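Down below is the structure, laid out as structure tokens.
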Protein chains: 4
Amino acid sequence: MSSSVSHKHTAILDAAYELFGSGGFYETKMSEVAEKAGIAKGTVYLYFKSKEELFLAVTRRDCEGFLEQLDVKLKACGSLQEQLTVIAGHHLMYYYERKQHTKLFFRAPNNHSELVAYMTQFMEEYMRAVMRVMQDSGAAEPELLAESYIGTLDRLKMDIMLRPGFTEADARKRAEFAAGLFIHGALGSRQEQTAPERD
Amino acid sequence: MSSSVSHKHTAILDAAYELFGSGGFYETKMSEVAEKAGIAKGTVYLYFKSKEELFLAVTRRDCEGFLEQLDVKLKACGSLQEQLTVIAGHHLMYYYERKQHTKLFFRAPNNHSELVAYMTQFMEEYMRAVMRVMQDSGAAEPELLAESYIGTLDRLKMDIMLRPGFTEADARKRAEFAAGLFIHGALGSRQEQTAPERD
Amino acid sequence: MSSSVSHKHTAILDAAYELFGSGGFYETKMSEVAEKAGIAKGTVYLYFKSKEELFLAVTRRDCEGFLEQLDVKLKACGSLQEQLTVIAGHHLMYYYERKQHTKLFFRAPNNHSELVAYMTQFMEEYMRAVMRVMQDSGAAEPELLAESYIGTLDRLKMDIMLRPGFTEADARKRAEFAAGLFIHGALGSRQEQTAPERD
Amino acid sequence: MSSSVSHKHTAILDAAYELFGSGGFYETKMSEVAEKAGIAKGTVYLYFKSKEELFLAVTRRDCEGFLEQLDVKLKACGSLQEQLTVIAGHHLMYYYERKQHTKLFFRAPNNHSELVAYMTQFMEEYMRAVMRVMQDSGAAEPELLAESYIGTLDRLKMDIMLRPGFTEADARKRAEFAAGLFIHGALGSRQEQTAPERD
DNA sequence: TATGAATGAGGTTTCATTCAT
DNA sequence: GATGAATGAAACCTCATTCAT
């Protein structure tokens, strides 16, 4: 019974992830979620109080997976370069694997304070993880650095979502590029060649 | 007569900007737009064919202003450092001045191809402007650099939008930080200066 | 359950028949149909996709009843005179019984291709039934005859719909008149009887 | 000035006839009428108090033309056969010439008592004209005969409106057929040849 | 007389949510 | 727990009509 309950719970989350992710919050109907989950409309409300709450649950599950996996990966590596590459790789690959479900991340419902609160908390946790790496490197302004890094990765991921022909290799290349950029700056390689006094 | 027309047109755009910006597309009712603009519901439709079209017009006006002002500012400055600072300052201050209207930028209607097309074009133009600066500096991968820079700025601006106590000075500080980061890398200043004990 | 479904379905059709019939398509509001059927507005849309479709369903039910009953009656009679009288009686009595719902037949929505198609098909079927009778009589031009007969009946029925004091006996008298007219012509009886001086 | 007034009045009626006739009452917008008439929307209301009244005026002009022309034609002919043929020809040709404007006759507004009154009056006048012919022939039941004849013609005209390839010759053939039918009955020709006992 | 910008009542339809079974 | 028929609020948009110019 409890496994049946949990099975339906998961089925709803999966269906909602699929639909919210590809269509967005407002474009997705609860009846569609129910249908895709293979259950009746009313049943969804036995597991989730409202559409907003369902969206929040979907988001939460996705974000928690993101943070947990990042944690595992970061623990397994050492140098700054390596850690930044791991973060970037994780960020970009995570979205690469979910490129069909991008709407989840920017077609959310407005005015739902719980969701806003959760997203804020998620960002803080993600920030903290990245900040820790920055701090370990001894960089000044680790907070701004972390924020910048996340911003860079977020924008680089846009290519993944918008360009159809994007490959996994492209994603990996960008991950390394981002790490290099934050360690050496934009002129890193050029400076090595022509500006010896500065590097 | 034409001034009256343009007056109403502007009043609607202003009202819609206010409401779409603070509430998002789906949460804003056309009747509210009309009321805020001080006109009747039907009148809105004399100037804009549909809610989507109104949203597009609001977005377009905002984005065009952004690009035009950036152009002017970029023409007036020289060194890479200076140019990057100008871009960052422009980006952050633009949103700083609009911090009450953040929803405009990520609560757009789905499935409106014209809007998608316009936003794509806007991003391309912005990218091109930033890329030109990157290219002038002789940096490798100017495209990825531009994208990264814009991503960084976009994330840094989030502080502005989300933290109530944010000041203009904070915005300016971040602008300079971002420019420095992209020129020197995250460790740029520290490495040069020494400071080994702390980091 | 299925009886409940069919009950609501019928209740809506009945309500719509009443309202479309007495007020016409454009003058009837879906909310009125719902109210008259004793259900909520939204429920109507569970049974009929749109107002047009509801109108079509009402029309179809009415026309099908007309044709089915005609078929039964025609099979039970023999001579031409008798058959023509049956057709006329059916046509006039059908409308006599529905004299409060005349609008159904000429206040239909425009530009609804499915309705146009259905009405065309209905008329063809009716025509075919009448034509068969005409053909059996050996008359020349059975098609034009059938058309003329139907036209005659349609006009005679107008009296029924427009004159309040109309009785069933009046309807029956007209039915016999029409049959006689088509067999003998306008001057049929008179010519036979005498009255030569006037022609 | 008065000629200019009358010019606009006519222009509006012409435009409205065109649009009401081809699209129907509800599907035609006052703004379209104004545009087609080459004047401003508000101007229409200087000549006609409302949309309904404009429709009535259009209808009235058309019907009056119908009756006047019929009168002229009837005065110029003698025998019953000739008179019935003239009526039929007039009826069918009138619609044949207006086959692009059939909506005028069955997409009228509901619940407009003045229109209903006018149409009733028109029908009475038409009836009276046809009845006079029937009376002259000495036929019994001239009223029902007139009504039947008009009904027959009305249905025969449907072919004109519904069949695209209809020619003027087809219309004329139907006119003669209708006249013959009412004089001799459906079996007129056949009976003469083979069924002597019944006639 | 002519204009056409402005009005605002009003109707169709959608869909999250409920609740009797 | 599961169902899905029923609900009804809510929102977009239309268009006949008005009236200041």
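Below, chains carry the letters A, B, ... as their sequence lines are ordered, and counting in each starts from 1. Just so it is clear, the model here is predicted, and its values are computed rather than measured.
The separation between A:F48 atom CZ and F:dA2 atom P is 13 Å, rounded to whole Å. Distance NZ (A:K8) to P (F:dT3): 5 Å, rounded to an integer number of Å. Atom CD in B:E53 sits about 10 Å away from atom P in F:dC13, given to the nearest Å. In this structure, the NZ atom of C:K49 is 11 Å from the P atom of E:dT13, given to the nearest Å. Note: CD (D:E35) to P (E:dG4) measures 11 Å, nearest angstrom. Between B:K51 atom NZ and F:dC13 atom P there is a gap of 8 Å when expressed in whole angstrom units. With rounding to whole Å, A:H9 atom NE2 is found 13 Å from F:dA2 atom P. For A:L54 and E:dT17, the CG to P distance is 10 Å, given to the nearest whole Å.
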Worksheet item: Should A:L115 and A:E52 be marked as a side-chain contact (heavy atoms from CB on, under 4.5 Å) after you check the CA-CA gap, both sets of side-chain angles, and the distance that decides it?
Response: CA-CA 8 Å; A:L115 177 66; A:E52 276 82 8; over 6 Å; no

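Considering only the side chain of A:I39, F:dT3 comes nearest among F:dA16, F:dT3, E:dT3. Comparing atom distances between the A:A40 side chain and each of F:dT17, F:dC12, F:dG4 picks out F:dG4 as nearest. Side-chain proximity of A:L46 to F:dA5, F:dT3, F:dA11: nearest is F:dT3. In this structure, of F:dC15, F:dA2, E:dA16, it is F:dA2 that holds the atom nearest to the side chain of A:Y47.
For B:K41 against E:dG10, a side-chain-to-base donor-acceptor contact under 3.5 Å is present.
Both B:G38 and C:M30 lie near DNA chain E, and the one whose nearest nucleotide falls closer to the 5' end is B:G38. The 5' end of DNA chain E is approached more closely, in terms of each residue's nearest nucleotide, by B:T43 than by the other of C:K29 and B:T43.
Ring orientation note: the planes of B:F20 and B:F25 are close to parallel, at an angle under 30° on the 30°/60° scale. In this structure, D:Y95 and D:F66 have tilted ring planes: the angle between them lies in the 30° to 60° band.
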Practice prompt. Represent DNA chain E in dot-bracket notation, 5' to 3'. Only Watson-Crick or G-U wobble pairs with both distances under 3.5 Å count; pseudoknot-style crossings use [ ] and interstrand partners use |.
Written response: .||||||||||||||||||||

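With sequence neighbours excluded, no residue forms a side chain to side chain donor-acceptor pair (under 3.5 Å) with C:E35. Evaluation of the salt bridge (charged side-chain N to carboxylate O under 4.0 Å, His left out) rule for C:E114 yields no partner, not counting sequence neighbours. In this view, D:Y45 and D:M30 satisfy the side-chain contact (heavy atoms from CB on, under 4.5 Å) rule, not counting sequence neighbours. The salt bridge (charged side-chain N to carboxylate O under 4.0 Å, His left out) search around B:K36 returns none, not counting sequence neighbours.
Of the inter-residue distances, the one linking B:I39 atom CD1 with B:I12 atom CD1 reads 3.5 Å to the nearest 0.5 angstrom.
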Sort me out a list of protein N/O and nucleotides 19-21 of chain F N/O pairs below 3.5 Å, or just none if empty.
none

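No side-chain heavy atom of D:H112 sits under 4.5 Å from any side-chain heavy atom of D:F55. Looking only at side-chain heavy atoms (C-beta outward), A:F48 and A:L13 come within less than 4.5 Å of each other.
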